[in-house]
**Student:** 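Here you go, one structure.
Throughout, protein chains are lettered first and strands after them, A, B, ... in sequence-line order, and every chain is numbered starting at 1.
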Amino acid sequence: MNDTANVAIRAEDVCKSYGSRQAIRNLNMAVPAHSVTAILGPNGAGKSTLMRMITGMETPDTGTFSVLGRKPSWELNRWIAYLPDRAQWYSHHMVEHALEWARTLQPGFNEMRARDLMVTLDLDASMKVEGMSKGEEARLMLALCLARDVPLLVLDEPFSGIDMISRERIVAALIDSFSEREQTVLISTHEIAETESLFDYAVFVDKGVAVLAGDVERMRAERGSLQQVYRQLYG
Amino acid sequence: MEEIRVGGMYFSLDLSLPLYEQVLEQVRSSIAKGEIALGDKIPSVRELAQALKINPNTVMRAYQELEREQLTETRRGQGTYITSDIAKVDLIRYRVADKAIEEFLSKMTGLGFETPEIDKLLRIKRGEAHE
Amino acid sequence: MPKGAFRYLIKHEIIAEMGRIRQGKWIWFYAVFILLLAGASVAVWGYDENYDPSYFLFTAYMFPFMIFGFAVRTLKREWNGGTSGWWLTLPYSRVLLLGAKAIAAFVQIVACMVVYFAIVMLLGVYSRIMFGARVTSISGLFDLEAQLFAVLLGIVPLMLVIGLLIVAVRRSRMKWLVPLLWIVMGVGGNLSGWMMTGGGGLIIAGTEKELALISYPPSLWIWIVPVWAVAALLFAATVRVCNKHLQA
């Protein structure tokens, strides 16, 4: 994919090490704009590191990132809705406070959309975060991300450790979101079986390198389902 | 994926093959079989995507192709409807039939049967069917 | 838009801290207990010739360490609570984000100091009533408290920033610097104590126990300038660490 205008995220020869451990080695990637892209790979493959670099939380040792045409930074994050890896929410909040937090601090927050999402995801404004189950907290955090009208949505393991019902609701909320707007969506997950039908584009990462990337429908024609490809790659 | 019923149509998707083609084929097939009648409204892109749990873009592509084939028409503000033109539907029926026949013949010749024997087997089968 | 965000962030920090305090009902128990203890000790000890309510003020030593603790807590909370990802990706400068935490911690310590000085003043009034001219006058005690308060305001920013820096460095590529920062903190804390007692012991002059307090000649307050300059430098260092060097 050489068309610069249609690439939302480009990584060129990115390397990142933590001490002696090389988390990302010469990673190259081009995520098409307006696609729903999966970053797939086992634990420790470097998916979270990749997403942290896209959102400016960490910087690559060498190589460059181009996100929405610019270098990752906190300034750029006004255009990015990011669900962090293993994220939690402020335990002293109620759902209502979380909405206030997002409304005040996050550009592009659409309150009406947020309230609709609360209904879809079965969350009530007076619920206390402290007493929430993991699934409820996950739904809340996802709602805050989906409620923002921004060009890029980055979700790091949104399904990890979540009960089945919450997962289904999240998938439904995502499909709704994809139907309604033009947005580039990047999702990392290892729950391929339940989510592969959502993706347009996939990047398989292994030990810090992108081993396979491409249009998902083409992959299906050439190799089979994403789940099958996953098994082929990681045995 | 198990069989899912949406708005009168039946879908069964295999994730190891491109989904766009399957959605397209299965909508055409539903129309050809009369599972949905002429002029009926079919589910919106979002409704179908939700029911099948797939990316709306895939559904959108299929719907666009159907529109191109003039099998469906989108009425602004109202939704997507099957054409009322029976000729178009017939065309699809024949196309689906054609494909089925091709597959059948290819299988038979693959097994070593030739035309005269194929005809004979067909007659016998149809004879059985009549009883 | 940043203005509204800044104010909200400060409010958010303070509420997050308050949530913890209100949860500890035990704090009221301790407060009452300490007050009773203090009152009782004044009543008992006060008859000693050498007693003076201003001696309580030695406990102000704790404030530089307390603010260090508040600062550490406010930043550490983001990681402990699993919200560091949200906080770090907010589209505001690190100066603003860290500044809000600094101000929230500062507000807390000032509140603590005000309460503390009020309590000591109460004990001072109580002592004066009980023991008359043997102990320091109310106005004398007030002067002493005022100067102490001013000294603390001079020192607190530095200890605050060390707290923020130590948490940031701990989570960066430069975590090997942490022991050094603990040393800096210890030195800073002790220096603060030294500052508070006017560079070497509370001066008690005169046989009438009329306290000549830490009477700083106005020019000596100049030490605040380098202290605040170092604090600003360390704040800038914290900002830089949060910008470039943080690591999961």
Side-chain angles (χ1 to χ4, degrees), chain A residues 16-19 21 23 46 48-49 51-61 72-94 97-98 100-109 128-130 134 137-138 141 144-145 148 150 154-157, chain C residues 1-24 73-74 76-101 104 168 171-176 239-248:
Chain A
K16 175 84 182 165
S17 302
Y18 295 109
R21 184 175 78 87
S48 287
T49 309
M51 291 185 152
R52 278 198 295 272
M53 289 195 283
I54 289 170
T55 51
M57 281 174 74
E58 299 194 38
T59 47
D61 295 335
S73 64
W74 59 260
E75 287 106 330
L76 192 58
N77 285 340
R78 64 183 299 115
W79 309 119
I80 306 176
Y82 171 55
L83 178 66
D85 175 35
R86 282 168 298 168
Q88 289 174 267
W89 196 254
Y90 296 102
S91 52
H92 65 279
H93 271 187
M94 286 197 299
H97 301 133
E100 190 194 0
W101 186 95
R103 181 177 59 235
T104 317
L105 297 178
Q106 296 201 312
F109 186 72
K128 289 194 179 158
V129 172
E130 211 179 358
K134 223 175 157 211
E137 206 175 345
M141 296 188 290
L144 296 176
C145 288
R148 290 180 63 196
V150 288
V154 179
L155 306 176
D156 197 341
E157 302 272 4
Chain C
M1 201 224 296
K3 268 288 143 60
F6 190 56
R7 245 175 307 161
Y8 175 81
L9 277 168
I10 297 171
K11 189 178 88 159
H12 178 261
E13 286 304 322
I14 294 179
I15 293 178
E17 281 297 305
M18 295 298 288
R20 287 194 31 165
I21 292 172
R22 220 175 311 130
Q23 271 176 354
R73 202 164 62 186
T74 181
K76 215 171 166 201
R77 199 189 321 116
E78 299 291 347
W79 275 270
N80 289 351
T83 56
S84 60
W86 300 107
W87 185 69
L88 286 168
T89 53
L90 280 172
Y92 305 105
S93 70
R94 317 292 92 171
V95 171
L96 197 147
L97 292 178
L98 288 166
K101 285 194 183 280
R171 278 162 184 76
S172 75
R173 294 188 268 218
M174 293 133 41
K175 45 175 79 100
W176 51 269
V239 167
R240 193 177 171 78
V241 169
C242 286
N243 261 326
K244 291 206 182 305
H245 301 296
L246 285 182
Q247 172 163 309

**Student:** Is the side chain of C:Trp86 donor-acceptor paired with the backbone N or O of A:Gln88 at a distance under 3.5 Å, no angle test?
**Tutor:**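 Side chain of C:Trp86 to backbone of A:Gln88, a donor-acceptor pair under 3.5 Å: yes, one is there.
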
**Student:** Hey, what do you get for OG1 (A:Thr59) to CZ (C:Arg173), rounding to the nearest 0.5 Å?
**Tutor:**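 Interatomic distance, A:Thr59 OG1 to C:Arg173 CZ, rounded to 0.5 Å: 5.0 Å.
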
**Student:** Mind checking what makes side chain to side chain contact (heavy atoms under 4.5 Å, CB included) contact with C:Arg240, not counting sequence neighbours?
**Tutor:** C:Lys244, C:His245

**Student:** Report which part of A:Leu83 has an atom under 4.5 Å of a heavy atom belonging to chain C: side chain, backbone, both, or neither.
**Tutor:** both

**Student:** Checking heavy atoms, do the side chain of A:Ser91, its backbone, both or neither come under 4.5 Å from chain C?
**Tutor:** neither

**Student:** Using modelled atom types and a 3.5 Å cut-off, is there a donor and acceptor pairing between side-chain atoms of C:Tyr92 and backbone atoms of A:Leu105?
**Tutor:**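 Yes, because the side chain of C:Tyr92 sits within donor-acceptor range (under 3.5 Å) of the backbone of A:Leu105.
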
**Student:** Stepwise, does the side chain to side chain contact (heavy atoms under 4.5 Å, CB included) test hold for A:Met57 with C:Leu246?
**Tutor:** CA-CA 7 Å; A:Met57 281 174 74; C:Leu246 285 182; over 6 Å; no

**Student:** Please work out which of the three classes, parallel, tilted or perpendicular, describes the rings of C:His12 and A:His92, given edges at 30° and 60°.
**Tutor:**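 If you compare the ring of A:His92 with that of C:His12, the planes turn out tilted.
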
**Student:** From A:Trp74 CH2 over to C:Leu96 CG, what is the distance, rounded to the nearest 0.5 angstrom?
**Tutor:** 8.0 Å

**Student:** For residues 78-93 of chain C, which residue pairs qualify under salt bridge (Lys or Arg N to Asp or Glu O under 4.0 Å), counting only residues two or more places apart or in two chains?
**Tutor:**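 As it turns out, the salt bridge (Lys or Arg N to Asp or Glu O under 4.0 Å) pairs with a partner in residues 78-93 of chain C, which skip direct neighbours, are C:Glu78-C:Lys101.
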
**Student:** With a cut-off of 6.0 Å (strictly less than), are more than 12 heavy atoms of other residues, nucleotides or ligands near CH2 of A:Trp79?
**Tutor:** no

**Student:** Are any non-hydrogen side-chain atoms of C:Leu90 and A:Trp101 less than 4.5 angstrom apart?
**Tutor:** yes

**Student:** Among A:Pro84, A:Ala87, A:Gly19, which residue has the highest count of heavy-atom pairs closer than 4.5 Å to chain C?
**Tutor:**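 Top count of heavy-atom pairs under 4.5 Å with chain C: A:Pro84.
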
**Student:** Go through the atoms of A:His93 and report whether side chain, backbone, both or neither lie under 4.5 Å from a heavy atom of chain C.
**Tutor:**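 The side chain, not the backbone.
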
**Student:** Considering only heavy atoms and a distance below 4.5 Å, find which of C:Asn243, C:Thr89, C:Leu9 pairs most often with chain A.
**Tutor:**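 Max contact count across the listed options: C:Thr89.
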
